[in-house]
Amino acid sequence: MAMYRRGLLALGCAAGLARPALAQSARARTLRVVPQADLANLDPIWTTAAVTLNHGYAIFDTLYALDDTLQPRPQMAAGHALSDDRRVWTIRLRPGLTFHDGEPVRARDCIASLLRWGKRDAYGQMLSRVTEKWEAVDDLTIRLALKKPFPLLLDALAKRANFPPFIMPERLALTEPTTQVTEMVGSGPYRFFKDEWSIGNRAAYARFDGYRPRDEASSFLAGGKRAHFDRVEWHTVPDASTASAALVRGEVDWLEQTMPDLNATFARSRDVRLEPIDNHGLLSFLRFNCQAAPFDNGRLRRAILGAIDQADYMQAVTGDAIRWQRCASMFPCGMPFSRELGSDLLSGPRDLGKVREAIRAAGYAGEKVVIMNPTDFPSIAPLGFVTADLLTRLGMKVDLQSMDWGTLVQRRASKAPVESGGWSIFHSWAGATTMMNPGLNDYVRGLGAGGYFGWHENATIEGLVERWVDAASDDERQQLVDAIQFEAWAAPPTIMLGQYYPTTALRSDLTGRLSTSMPLPWSIRRS
């Protein structure tokens, strides 16, 4: 933190030594953002960390993207054709697309990228199972032949988070998805300065002059991505008070997420504007390690449900200063097909005595419960303390281990037992639009070793998801979503801890911010 304060002072001193017109011009051309966490990992196909996802959207693009209505629209694609039997998709690329290294974007780059994504992503794995052949017909034409129709192909190619199908050069996309790509070459509106990246300090991006935005208005992740800043800098500031003061003084331009107890600071400043991040909210959650003791025991995971009060978690994060709601669904409340089928499990008075009996009946034998908790992530850290206190009162042997978010992201990939550096529980949150249906919601899926961290395995859920993809009507999809929920609540791999609507804060001269939980660097400009 002291190093960052010195960095801010250095910025101010440098500006003071420069001629006023030049200093003002440089400031106008640079957007300085405080992200919600430190950028410790670069590859958004290797990790699901939200900060890496946001980094990915600055430099990569996708064939299709979601618009404001959450419908997929062509992005890098010019369009597509579908055969009469619905088994052959032909996708045409927009001409003139260029990677940051100067090479043109070709069909074979897209295919290699999608094959890598398909090994990692749950949606992509479903697509891979029905894929007969990917083919580059020519440099601008991709042909996908399927064994059977896959009605939700465009939804999969427009996937927003948890491994979006970003397009990178073939030479990088041939990297196994379990190995990080560290050379960041995309075709998006900004290029990454690898030599300026400093973990725990800063990341920097420059506008890519070779980027060709679509000739249409921007619409969420789709449409014309117009970059109005020459340079974007991310400054890591773990202490919320320091970050808030820097924004008020004009040393930074944008705090991705604010802490509720500091929002009054912004209300007193004419130079800062406070806004809701988006209309859909974030869901906090507790994730179990389902392949290691003690939570490889589904009965034990179910028993813990009886002790959960979402209000405890939401008040710890929001302080009741920002809006939140109980949500007893495995899918975000307010989204299509989401119904609160867990209401009987997450509502009503908690009887910790009965929960202790249920824990004993489930066979808990005093095994250590390791909770990984990121002390540098203010919207996640309180969740770990609430769970540690609750499980301790339930008679469980709890080891709350504090670490930074980058370490947690690395360590959650470990399948070692807790005695050898493994883990039992971690907490996080996800944007509502990233988990609004079974194809997107990795936290409910049952893919086992090939799935999300915690490695929940449930063949019944996977069979229901396959049927959901093929469903012919909304009524059928609703029935399948309900069935997935009922199965997941029986032995939950994830416990949803409430849905809340955090705020973001910007300097008042910034306009055009897109309403989303990500600090997207396009459309926004200085007035």
Side-chain angles (χ1 to χ4, degrees), residues 43-45 56-57 59-66 72-121 123-160 163-177 181 183-191 208-216 221-225:
D43 185 354
I45 302 299
Y57 271 110
I59 60 179
F60 295 111
D61 215 341
T62 54
L63 292 179
Y64 290 80
L66 294 180
R73 279 171 38 181
Q75 189 59 28
M76 295 175 72
H80 60 269
L82 179 60
S83 65
D84 290 341
D85 65 0
R86 300 170 59 85
R87 291 176 53 194
V88 179
W89 291 78
T90 303
I91 299 172
R92 185 78 175 168
L93 291 176
R94 287 195 289 135
L97 299 178
T98 307
F99 285 117
H100 299 159
D101 60 4
E103 290 293 314
V105 177
R106 301 180 177 93
R108 66 174 184 263
D109 300 303
C110 301
I111 291 172
S113 298
L114 294 173
L115 288 172
R116 183 174 190 254
W117 163 76
K119 294 177 183 178
R120 188 70 164 159
D121 178 68
Y123 230 147
Q125 290 171 31
M126 287 191 293
L127 175 60
S128 296
R129 288 195 289 272
V130 300
T131 294
E132 189 172 278
K133 185 179 181 181
W134 286 98
E135 181 183 7
V137 178
D138 56 42
D139 282 350
L140 294 180
T141 308
I142 303 162
R143 181 177 294 153
L144 170 61
L146 299 171
K147 299 171 186 175
K148 67 173 188 175
F150 193 84
L152 298 179
L153 175 69
L154 299 185
D155 298 76
L157 297 184
K159 187 172 189 276
R160 173 192 181 273
F163 314 125
F166 288 131
I167 302 302
M168 59 182 64
E170 180 185 37
R171 62 184 177 83
L172 300 178
L174 292 175
T175 306
E176 283 297 314
V181 171
E183 183 184 355
M184 294 287 101
V185 178
S187 64
Y190 283 89
R191 55 190 178 88
F208 177 44
D209 292 335
Y211 182 72
R212 297 182 59 178
R214 296 186 68 90
D215 188 19
E216 58 194 44
L221 299 175
K225 298 180 179 180

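Heavy atoms only: backbone and side chains are in, while hydrogens, waters and symmetry mates are out.
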Heavy-atom check, side chain of Glu135 versus side chain of Thr141, under 4.5 Å
no

Restricting to non-hydrogen atoms, name the atom on Thr98 and the atom on Phe208 that form the minimum distance, rounded to 0.1 Å.
O-CE2, 3.3 Å

My understanding is that only residues two or more places apart in sequence, or in another chain, count here; which of them pass side-chain contact (heavy atoms from CB on, under 4.5 Å) with Lys119?
Glu176, Pro177

For atom CZ of Arg86, is the number of surrounding heavy atoms from other residues, nucleotides or ligands below 6.0 Å larger than 12?
no

Within the distance-only criterion (no hydrogens, no angle test), does the side chain of His100 pair as donor or acceptor with the backbone N or O of Phe60 below 3.5 angstrom?
no

Please check this pair: side chain of Ser113 against backbone of Met168, looking for a donor-acceptor N/O pair closer than 3.5 Å.
yes

Within the 4.5 Å heavy-atom criterion, are Trp89 and Ile142 side-chain neighbours or not?
no

Distance (rounded to the nearest 0.5 Å) between Phe166 CZ and Ile59 CD1
8.5 Å

Are the side chains of Leu153 and Tyr64 in contact, using a 4.5 Å heavy-atom criterion?
no

How close do Ser128 and Gly118 get, heavy atom to heavy atom, and via which atoms?
OG-O, 3.7 Å

Do side-chain atoms of Thr90 reach the backbone of Val88 as a donor and acceptor pair under 3.5 angstrom?
no

So if I apply the side-chain contact (heavy atoms from CB on, under 4.5 Å) rule between Leu127 and each of Leu152, Asp121, Leu144, which one comes out positive?
Leu144

Nearest 0.5 angstrom please: His80 NE2 to Leu63 CG, how far?
11.5 Å

Measuring from Trp134:CH2 to Leu115:CG, what's the distance to the nearest 0.5 Å?
7.0 Å

side-chain contact (heavy atoms from CB on, under 4.5 Å) between Thr131 and Phe150, worked out:
CA-CA 9 Å; Thr131 294; Phe150 193 84; over 6 Å; no

Quick check against the 3.5 Å criterion: does Trp117 have a side-chain atom that pairs as donor or acceptor with the backbone of Phe163?
yes

When you measure from the side chain of Gln75 to the backbone N and O of Gly223, does any donor-acceptor pair fall under 3.5 Å?
yes

Distance, nearest 0.5 Å, that separates NZ of Lys147 from NZ of Lys133
14.0 Å

Counting only heavy atoms not in Asp215, do more than 12 sit closer than 6.0 Å to its CG atom?
no

If you measure from OG1 on Thr62 to CZ on Arg160, what distance do you get to the nearest 0.5 Å?
12.0 Å

Are Asp43 and Arg116 ion-paired here, with the side-chain N under 4.0 Å from a carboxylate O?
yes

Beyond-backbone contact of Pro44 with Tyr57, side-chain heavy atoms, under 4.5 angstrom:
no

Taking side chain as C-beta onward, heavy atoms only, is Cys110 less than 4.5 Å from Leu93?
yes

Answer whether the closest heavy-atom distance between the side chains of Val185 and Arg171 falls below 4.5 Å.
yes

What distance do Leu157 atom CG and Leu66 atom CG have between them, rounded to the nearest 0.5 Å?
11.0 Å

Nearest heavy-atom approach of Pro74 to Ala77 is CB-O, 3.3 Å

I'd like to know whether CZ of Arg94 has more than 12 heavy-atom contacts from other residues, nucleotides or ligands below 6.0 angstrom.
yes

Pair Ser187, Leu97 - check side-chain contact (heavy atoms from CB on, under 4.5 Å), show working.
CA-CA 7 Å; Ser187 64; Leu97 299 178; 5.5 Å; no

Answer yes or no: is there a side-chain heavy-atom contact under 4.5 Å between Lys225 and Asp61?
yes

Got Leu146 and Glu132 here, is their nearest side-chain heavy-atom distance under 4.5 Å?
no

Looking at Asp138 and Arg92, does any basic side-chain N land under 4.0 Å from a carboxylate oxygen?
yes

Between Arg73 and Glu216, does at least one N-O distance fall below 4.0 Å, as a salt bridge requires?
yes

